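Computed from a prediction, not measured in an experiment: that's the story for all the values here. Counting starts at 1 for both ligands and their atoms, following the listed order. Side chains included, hydrogens not; waters and symmetry mates left out as well; all remaining heavy atoms used.
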Amino acid sequence: MPAIKSILHGSETFPPDAAFVEQSNLAGLASYHALCAEAERDYENFWGNLAKEQILWHKPFTRVLDESNHPFFKWFDDGQLNISYNCLDRHLVTQPDKVAIIFEADDGKVTRSTYRDLHRRVCQFANGLKSLDVGKGDRVIIYMPMSIEAIVAMQACARIGAIHSVVFGGFSAKSLHERIVDAGAVAVISADEQVRGGKSISLKSAVDEALSMGGVDSVRSVVIYQRSGKDSKCHTTRDVWWHDLIADKDDTYEPEWVNAEHPLFTLYTSGSTGKPKGVQHSSAGYLLGTLLSMKWIFDYKPADIFWCTADVGWVTGHSYVAYGPLAMGATQIIFEGVPTYPDSGRFWKIIQDHKVTTFYTAPTAIRSLIKSGPDLPGQFDLSSLRLLGSVGEPINPEAWMWYYTVVGQSRCPIVDTWWQTETGSHMLAPMPGAVPLKPGSCTFPLPGIMATIVDETGHEVENGKGGFLVIKRPFPSLARTLWGDPERFRKTYFPQDLGGKYYLAGDSASRDLDGYFWIMGRIDDVLNVSGHRLGTMEIESALVSNPLVAEAAVVGKPHDIKGEAIIAFVVLKGIRPHGEDAHNISVSLREWVTKEIGPIARPDEIRFGDNLPKTRSGKIMRRLLRAIARGEKITQDISTLENPAILEQLQQPIN
Ligand code: PRX
């Protein structure tokens, strides 16, 4: 386990604006403390009451928490519900004509869908899936661009009780294939193309390629949404166009009532082995987490125009695009494109045009927008904004201040939300009408989330010291298991080293003397590149699968915009290349990784050596590679290093 050092932080705080407090769902620190105390006093009733209040149950539950099969917890497990019913039908009586989704395409074209319309589309598509014999418990892969249809596909799966697994459209055919096989999917829902930044990229050809790789006999149907109509055909009997599938389908569909614990979805994410893990979420517990965080952290109001910029391929796009906002009955923006097209004012223009009130994005996007147009927000009317949010990685105080003063005009609180694919919804984040903010800190746990920091032996550390971030008690929105691999779930998240009781998040953190949490980074071999999790092992496996490569080690290096850049140290099977040779091989290896995993995993830099720095027992000394990648002088102890001369070689960049 790595040594952990605590970072000292400034104590400047930003208390919420009086006008904000006055209208907030939870005003004043005392009300936050009261909720926390309630959870401490009677944990089960705290959650039980919230689940009764927030969720529409088809059959009420009688049991709140079952911990008997630790750590495979069950919440509300004899209750029955349907998530799509909770997101759509519940609004049909009260606000059928409210706009649910404002979709803005890459080219600026705007389409609106009301709750009535969305319900109709989801029911039709659910009937379509049923006609393909997709049913309860079946796995469905969704590989789609940001679109109303992507939401319809997810909601339709939820409606029929199928388990969706969304694969980010930027992943390669190979990654898609791996996920289809692991999930044993019966259907794949995709599109002909995705359009981003003025460019069209084929998705269907990646689907075709993935399905030609073998081991995919489980897949009976491929549904293709025609986004551009330019590329691809439906060329096998397995393929069906989305519009043909729904053409004659009824627009009502009685929801499939499922148990609270029925899996809503699995979502693959990186861990510290080469194989991505299928994080499996429940229905009711997951929904409860998204609903409460919409209310507590996003301070949701019916008049809000909510915009979470995350792609549905990531957990943020599940909880705060596909489910949370709809369950609340919100109007939300879905944007197909990229923040810099046609120029770096695009986000600010969308906020202005649609009068966005709540804007949730990632620090990497904020940093790139600062770089490309620090004064641009001033050219737009951003007065509709009342709340800003940040997610995916620690936000550096400089970016925080810019976001706060330039975008939020010192009026809007920033909710820095710490959470993970595994936690399903926010865990540490300020209740904006209650908690004074500190730039760079995600502040405090949500009520009912028993987060703390422990040392290597599982003992809590005092404020001011660093350690491992853990959550001491099970909570409803926690993932239930890893698809097909419960033992990996137990070992990864409830390790015996820490006593096996606490959920180990995989992040190191510290609490300052005021008790504020500060996230310091991952404790495992996971990188955070532009807010996306990438396992170093995954990239290494991709590299060594290239016929030229004998060995590879991947580390991260701080990057101004992306947070971390990927640096790969590679040993070839032949001799170490030099000059133009090295350059060409580096280009082709970077391309190789793009094909194997996707462009997000492409190394920023590759360095070649005759060997890698290893201990006498053959273990790669990554801390040395990290120092080399950062261009730091090596001050660490290298007495256990088998081949010290290698360090000098690896210090030389190619170009
Ligand atoms: O390291 C933490 C970082 O992102 C990891 C979770 O990644 P993923 O499952 O892909 O989900 C990202 C979106 C929820 C965490 O273990 N992380 C996420 N949010 C923050 C963060 N680090 C610091 N501050 C945050 N607000």
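- The proximity of Arg522 to ligand 1, defined as any non-hydrogen pair under 4.0 Å, is limited to the side chain.
- Ring orientation note: the planes of Tyr493 and Tyr503 are close to parallel, at an angle under 30° on the 30°/60° scale.
- Ring geometry for Phe347 against Phe335 counts as perpendicular: the plane angle is over 60°, on a 0 to 90° scale with 30° as the lower cut.
- Only the side chain of Asn528 comes within 4.0 Å of ligand 1, counting heavy atoms alone; its backbone N, CA, C and O stay farther away.
- Only the backbone of Glu393 comes within contact range of ligand 1, with a heavy atom under 4.0 Å; no side-chain atom does.
- Counting heavy atoms from C-beta outward, Lys301 and Lys295 have side chains that stay 4.5 Å or more apart.
- Of the possible donor and acceptor atoms, none in the side chain of Ser541 sits under 3.5 Å from a partner among the backbone N and O of Gly274.
- Every atom of ligand 1 is numbered from 1 in the order shown, and the set under 4.0 Å from a heavy atom of Val391 is 13 (C), 14 (C).
- Asp604 pairs with exactly one of Lys557, His559, Arg590, Lys562 by the side chain to side chain donor-acceptor pair (under 3.5 Å) rule, that one being Lys562.
- Using cut-offs of 30° and 60° on the angle between ring planes, the pair Phe171 and Phe168 is perpendicular.
- For ligand 1, the atoms sitting less than 4.0 Å from at least one non-hydrogen atom of Ile519 are 22 (N), 23 (C), numbered in the order shown with element in parentheses.
- In terms of protein heavy-atom proximity, atom 15 (C) of ligand 1 is nearest to Asp507 OD2, 3.3 Å.
- With respect to atom 4 (O) of ligand 1, the closest heavy atom belonging to the protein is Gly392 O, 3.3 Å.
- Closest to atom 7 (O) of ligand 1, if we only count protein heavy atoms, is Arg533 CD, 3.0 Å.
- The two atoms that bring Pro436 and Thr443 nearest to each other are O-CG2, 4.3 Å, heavy atoms only.
- Considering only non-hydrogen atoms, atom 9 (O) of ligand 1 lies nearest to Thr421 out of Thr421, Asp524, Val526.
- Here Pro394 has heavy atoms under 4.0 Å from ligand 1 in both its backbone and its side chain.
- Under a 4.0 Å criterion applied to the non-hydrogen atoms of Thr417, ligand 1 contributes the atoms 19 (N), 20 (C), 25 (C), 26 (N).
- A perpendicular orientation is assigned to the rings of Phe298 and Phe306, their planes being inclined by more than 60° (bins at 30° and 60°).
- Distances between N or O atoms of Thr316 and those of ligand 1 include no value under 3.5 Å.
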